[in-house]
Protein chains: 2
Amino acid sequence: MSKQTAPQAIDYGDLNTLMGYKLRRAQVSFFDSFAQRCSKFGITPGLFGVLSLVKHNPGQTQSAIANALGNDRSAMVSVVDKLEAMQVLVRKPSATDRRSHALFLTKEGEKYYAELITQVREHEQQFMDLLQDDEAAIISDVLDRFAAVKSS
Amino acid sequence: MSKQTAPQAIDYGDLNTLMGYKLRRAQVSFFDSFAQRCSKFGITPGLFGVLSLVKHNPGQTQSAIANALGNDRSAMVSVVDKLEAMQVLVRKPSATDRRSHALFLTKEGEKYYAELITQVREHEQQFMDLLQDDEAAIISDVLDRFAAVKSS
DNA sequence: TATTGTTATACTCTATAACTATA
DNA sequence: TATAGTTATAGAGTATAACAATA
């Protein structure tokens with residue numbers, strides 16, 4: 001026999017009733033799926049977030065982008081390094097403050113982002129297809145409310 | 001003047017339309033809030049998940065718990081070590097398989113969990129209070145559907 | 001041969017502190 | 001004095017590979 005004991009069914013107990021755990025499971029599933037579909041682009045959700053924010057806010061500084069994403073400045077360094085190595089983003093000296101770097105998508109970066117966002121939207125659609133009628137609007141709303149809860 | 005340039009408003013662009021990003025923001029907010037409320041218990045969402053699963057499935061092995069949570073069994077070692085150090089959980093030799101450890105809550109662990117789950121439920125309620133009418137049921141349903149998406 | 005717990009290892013993510021050059 | 005980017009560092013979290021004991 002291949003297994004002596006059949007794998008016993010697990011009772012998820014409280015976890016099955018907790019929105020926090022459902023939220024985590026859903027996010028992990030979503031990001032795993034994202035990573036798989038976008039693997040050929042060599043990008044992660046974290047890199048995508050920075051790229052997208054620079055795309056929509058050209059010329060902003062690293063600190064401004066970090067703040068907007070809720071990350072620390074120091075974490076931005078390697079992220080921007082990677083995106084620069086991919087030649088989709090560039091640091092340019094700020095015109096008004098020589099301490100800071102203004103971030104821009106390269107010409108290649110614009111093309112890259114255009115192709116990437118198409119994949120990302122298809123991926124979104126794959127999940128949105130699981131919803132019916134007005135559910136999407138409700139989820140979107142509720143997640144925004146959850147995100148707005150201040151923790152201290 | 002305290003700042004030379006007023007902080008420019010950030011356009012979240014595509015991110016504001018992507019469920020994946022909303023999901024992440026909501027989860028981070030939820031877990032930050034959880035961590036704050038449960039800090040006096042010295043526990044994290046990850047530790048709580050294991051403890052809760054052992055509570056509801058006494059005698060299961062480390063591998064079974066790891067599998068149920070989608071983790072690798074190697075990651076369980078330090079988690080169980082921590083919970084054992086907190087004296088809320090014990091490894092006992094399995095009666096049927098001398099390779100494996102059966103996990104149980106200690107007497108203290110049962111008391112600890114009872115107090116903890118009360119806090120966790122209050123925390124849940126804090127977020128559920130943001131919802132109205134049938135929204136909770138819809139969110140719960142949709143998150144389950146998202147979690148069920150297989151990624152390969 | 002396969003599985004359980006374990007160790008060693010490594011990689012990502014995240015955060016803190018300190019440095020430098022600027023402001 | 002304070003801020004931007006950077007470096008060094010350290011802590012979680014997660015994963016792979018290999019090993020000893022056992023199945």
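All values below come from the heavy atoms of this structure, side chains included, with hydrogens, waters and symmetry mates left out. In what follows, every chain begins at residue 1, and chains take the letters A, B, ... in the order their sequences are listed.
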Validation: residues 126-133 of chain A side-chain donor-acceptor distances under 3.5 Å, sequence neighbours left out:
| unit_1 | atom_1 | unit_2 | atom_2 | d |
| --- | --- | --- | --- | --- |
| A:Q126 | OE1 | A:R37 | NH2 | 3.3 |
| A:D129 | OD1 | A:Q125 | NE2 | 2.8 |

Give the table of side-chain donor-acceptor pairs shorter than 3.5 Å for residues 42-52 of chain B, with sequence neighbours excluded, one pair per line with atom names and distance.
| unit_1 | atom_1 | unit_2 | atom_2 | d |
| --- | --- | --- | --- | --- |
| B:T44 | OG1 | B:L47 | N | 3.2 |
| B:S52 | OG | B:Y113 | OH | 2.8 |

Hey, can you pull the donor-acceptor pairs under 3.5 Å for the side chains in residues 74-84 of chain A, sequence neighbours left out?
| unit_1 | atom_1 | unit_2 | atom_2 | d |
| --- | --- | --- | --- | --- |
| A:S74 | OG | A:D72 | OD2 | 2.9 |
| A:D81 | OD1 | A:R91 | NH1 | 2.9 |
| A:D81 | OD1 | A:R91 | NH2 | 3.1 |
| A:E84 | OE1 | A:R91 | NH1 | 2.9 |
| A:E84 | OE2 | A:R91 | N | 3.0 |

Name each donor-acceptor pair under 3.5 Å that joins a side chain in residues 103-112 of chain A to protein atoms two or more places apart or in another chain, with its distance.
| unit_1 | atom_1 | unit_2 | atom_2 | d |
| --- | --- | --- | --- | --- |
| A:T106 | OG1 | A:Q87 | O | 2.8 |
| A:T106 | OG1 | A:E108 | N | 3.4 |
| A:T106 | OG1 | A:G109 | N | 2.7 |
| A:E110 | OE1 | A:K55 | NZ | 2.9 |
| A:Y112 | OH | A:F41 | O | 2.6 |

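With sequence neighbours excluded, the residues satisfying side chain to side chain contact (heavy atoms under 4.5 Å, CB included) with B:D141 are B:R145. In terms of the side chain to side chain contact (heavy atoms under 4.5 Å, CB included) criterion, residue partners of A:A68 (sequence neighbours excluded) are, by chain and number, A:L53, B:I10, B:Y12. Partners of A:T17 according to the side chain to side chain contact (heavy atoms under 4.5 Å, CB included) rule, which considers only residues two or more places apart in sequence or in another chain, do not exist here.
In terms of modelled atom types and a separation under 3.5 Å, the side chain of A:H123 and the main chain of A:F34 share a donor-acceptor contact.
Sorted by residue number, the members of residues 55-76 of chain A with any non-hydrogen atom under 4.0 Å from DNA chain C read A:D72, A:S74.
Side-chain atoms of B:D97 lie closest to D:dA23 of the nucleotides D:dA23, C:dT22, C:dC13. When distances run from any side-chain atom of A:H101 to the nucleotides C:dG5, D:dG5, D:dT14, the shortest one goes to D:dG5.
Phosphate contact (OP1/OP2 of C:dT6, side-chain N/O of B:R91, threshold under 4.0 Å): present.
Bending across the helix from C:dT1-D:dA23 to C:dA23-D:dT1, expressed as the angle between its end axes from five pairs apiece, amounts to 10° (10° rounding).
Distance B:F48 CZ to D:dG13 P: 15 Å, rounded to the nearest Å. The separation between A:F31 atom CZ and C:dC13 atom C1' is 13 Å, rounded to whole Å. We find that CG of B:L83 is positioned 15 Å from P of C:dG5, with the value rounded to whole Å. The interatomic distance linking B:L47 (CG) with D:dT14 (P) rounds to 11 Å, in whole Å. Distance A:D81 CG to D:dT7 C1': 11 Å, rounded to the nearest Å.
Counting all heavy atoms, side chain and backbone alike, A:F30 lies closest to B:G20 at CE2-CA, 3.3 Å.
On a pure distance criterion of 3.5 Å, a polar donor-acceptor pair joins the side chain of A:R99 and the base of D:dT3.
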